[in-house]
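Residue numbers start from 1 in every chain, and the chains themselves are labelled A, B, ... in the order their sequence lines are given, proteins ahead of strands.
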Protein chains: 2
Amino acid sequence: MYKTIAKSEKSHKKVMHQIQGLILEGKLKKGDKLPPERQLAELLDVGRPTLKQALSALEALGLIESRHGGGNYVTSDLSNIFNPFTLQYYLAEGKETDIVEFRYLLEVQLARLAAAKATESDISRLAAIVENMKSVESLEERLQVNLAFHRELAHINGNVLILTIYDSILQLVIEQTSLTDGEHFHRSHERILRAIQSGNSSLAGQSMSDHFVAKFPNYQFYDQIHQI
Amino acid sequence: MYKTIAKSEKSHKKVMHQIQGLILEGKLKKGDKLPPERQLAELLDVGRPTLKQALSALEALGLIESRHGGGNYVTSDLSNIFNPFTLQYYLAEGKETDIVEFRYLLEVQLARLAAAKATESDISRLAAIVENMKSVESLEERLQVNLAFHRELAHINGNVLILTIYDSILQLVIEQTSLTDGEHFHRSHERILRAIQSGNSSLAGQSMSDHFVAKFPNYQFYDQIHQI
DNA sequence: GTGGTAAAATGGTAATACCAATTTAGCTAG
DNA sequence: CTAGCTAAATTGGTATTACCATTTTACCAC
C-alpha cells in the first residue's frame, strides 16, 4: 500500500524514470538517438535545465551518452551492474582480498555446476578455448583467452545475472590475471576442463580451487577453505 | 598513458567527481549537509544549473539526497552496490530463477565457510538468532529474524564486498521469504547452526542446500546440484 | 567529384527570476 | 515563561533567455 507515490515526484526524476521506462520496455534501444534537447524538453513539457538534470543522471547510470554538438544516444550498457561509485570504493580501499575471495566462492561453484550442466556443445566450446591456450604466447592474448574460459563457465550455467556480475567483477581484476607461468596456466585449465567433461562436480570444484591457490598464493583464506 | 584527460571534462561531470572524491576520502561523511546550492555553486565556480546536474546524478547513484527547502545531504549508501537500473531490469524480466540460483550458490558457500571460520562469539550470536526463531510469531518478525540469520553468515565471513552484494540481493527478494511453515523454519536453521558449531563444512553446505530446496521447491536447478 | 568553408544544428553553461517546501525566528496567548 | 502559531528567511525546484562550443550538414569553388 503506497501513499499515492508519496508526494508528487520531482520533475527531473519523473523525466528520468520516463526515459528509463522507455529503455526497459525496449522502445528505446541501444544506439538510438534521442530528440534534440530543446525539442524533447517541449515534448515532455519541462524546461531544458530540468531535462538536462535527468539526462546527466541517466548518463551517470550508464544508460545514455551525451556528445557535445552531436546528440544524446542510448547506450543501455547492462554490463554495468555495479554502482560505479561502490566500484571505486572497493578499488580505493584496498579490498583486493575481498574481491578475490568473492571470485573464489563464485568460480568454484560455477565449475561444480558446469560439470553437472554442461552439454556436448558447451564442452566443445570450452575445449576449443583450452586448445587455444597452448598456442598463445603474448601476455595480451593469454589474458584474453583466460577471460574467455572463465566467462564460458558462467555462460554454461545459463544464468544471466551471474554472468553479468561475473563480467563486472572481471573488469575490476583484469590486471590481476596471468601471473602464473604459461605451462602451469595451460595444465591448470585443462584439468578443470577434464573434470567438467567427466561430469565430476567435486573434482571440478577442487580443480578450480587449486587453480586459485596457484594464482593467488598470498591470500590467507585458503587455509580455512582447503578442507572443504 | 592518457591523453591529458582526453578533452576537457565537462563541467557538471567535474563537479560530480569532485564531490564523489570528497566522499571517498571521507571528508564528506554520511549525514553531512552540503552548503546551500547558490553558495556551493559560487565556491566551485559553476552556475547553479550545472551544479544541479551534478547533484541529480549523485542522487541517482544513491550518494546524496535532496530535500526541497531542506538542503542536500550525503547518504553514501554503500548498500546500493547494484546499479539501480540493472536491478529493475532483472525484476522486470522475470529473472527470479536467476536470483534464487545466485543466492543458492552464494549461501551454500557462505555456510561452508562459516563452519570453517566461525569463532565462539560468532557462533553465540548465530545461536541467539536461532533461539529467537522459536518465540517469533508474526510474519513480519519472522522475516526480520530470518534476514538476520543469513546476514550473520555473510558477516562471519568478514568480507565486506560479499556482505554488501548479499544485502543488495536480499532487498530484491525480501518478499520471497517466509513461505515455509514455522516449525520447519526453525528446525532448518537450527540444523545449519549445529553444522557450523561442529565445524563441519560439508554438512553446513548440505544443510543450507536442503534449506533452499524446502524454501523454493519449484526451481529446477536442484536436480543438477544435488549430487554435488 | 573533392575539399574546404560557412551555416545550421545541437549540446554546454550561465544568469535571472520566480515558485514551493522547509526551517527559523519571533510574536502572541495562556 | 512556555506552547503554539505565524510570518519571514532559507533553500531547493523549475522555467526563460541568452550565448558559447562542438559537431554536423550544406553549399560552393575548384
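- Regarding B/Tyr73, its OH atom lies at a distance of 11 Å from the C1' atom of D/dG12, rounded to whole Å.
- Between the NZ atom of B/Lys14 and the C1' atom of C/dT13 there is a distance of 12 Å, given to the nearest Å.
- The stretch residues 59-69 of chain A participates, sequence neighbours left out, in these salt bridge (Lys or Arg N to Asp or Glu O under 4.0 Å) pairs: A/Glu59-B/Lys13.
- Scored by the side-chain hydrogen bond (donor to acceptor under 3.5 Å, both in side chains) test, B/Glu107 finds B/Arg103, B/His150, B/Tyr166 as partners (sequence neighbours excluded).
- Within residues 47-57 of chain B, the residues that have a heavy atom under 4.0 Å from DNA chain D are, in order of number, B/Arg48, B/Lys52.
- Screening residues 145-156 of chain A for salt bridge (Lys or Arg N to Asp or Glu O under 4.0 Å) gives A/Arg125-A/Glu152, A/Arg151-A/Asp167 as the qualifying pairs, with residues at least two apart or on separate chains.
- The side-chain hydrogen bond (donor to acceptor under 3.5 Å, both in side chains) search around B/Lys27 returns B/Glu25, not counting sequence neighbours.
- With rounding to whole Å, B/Ile64 atom CD1 is found 14 Å from D/dG13 atom C1'.
- If you take CG of A/Leu44 and C1' of D/dA15, they are 15 Å apart, rounded to a whole angstrom.
- Put simply, B/Ser66 has no side-chain N or O that comes within less than 4.0 Å of OP1 or OP2 on D/dG12.
- Here D/dA15 presents its C1' atom at 17 Å from CG of A/Leu43, a figure rounded to the nearest Å.
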Side-chain atoms of residues 34-47 of chain B: list all donor-acceptor pairs with protein atoms under 3.5 Å, sequence neighbours left out, distances to 0.1 Å.
{"from": "B/Glu37", "atom 1": "OE1", "to": "B/Arg48", "atom 2": "NH1", "distance (Å)": "2.8"}
{"from": "B/Glu37", "atom 1": "OE1", "to": "B/Lys52", "atom 2": "NZ", "distance (Å)": "3.2"}
{"from": "B/Glu37", "atom 1": "OE2", "to": "B/Lys52", "atom 2": "NZ", "distance (Å)": "3.2"}
{"from": "B/Glu37", "atom 1": "OE2", "to": "B/Asn72", "atom 2": "ND2", "distance (Å)": "3.2"}

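- Atoms CD1 and CG, from B/Ile19 and B/Leu55 in turn, are 5.5 Å apart once rounded to the nearest 0.5 Å.
- Every residue meeting the side-chain hydrogen bond (donor to acceptor under 3.5 Å, both in side chains) condition with A/Thr119, not counting sequence neighbours, appears here in chain and number order: A/Ser121, A/Asp122.
- Atoms CD (A/Glu65) and C1' (C/dG12) sit 15 Å apart, rounded to a whole Å.
- As rounded to whole Å, 13 Å separates atom P of C/dG11 from atom NE2 of B/His12.
- With sequence neighbours left out, the salt bridge (charged side-chain N to carboxylate O under 4.0 Å, His left out) criterion links B/Glu120 to no other residue.
- Atom CD in B/Glu42 sits about 13 Å away from atom P in C/dA14, given to the nearest Å.
- Taking CD1 from A/Ile156 and CG from A/Leu113, the interatomic distance works out to 10.5 Å, rounded to the nearest 0.5 Å.
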Give every pair of a protein N or O atom and an N or O atom of nucleotides 6-11 of chain D that lie under 3.5 Å apart, one pair per line with the distance.
none

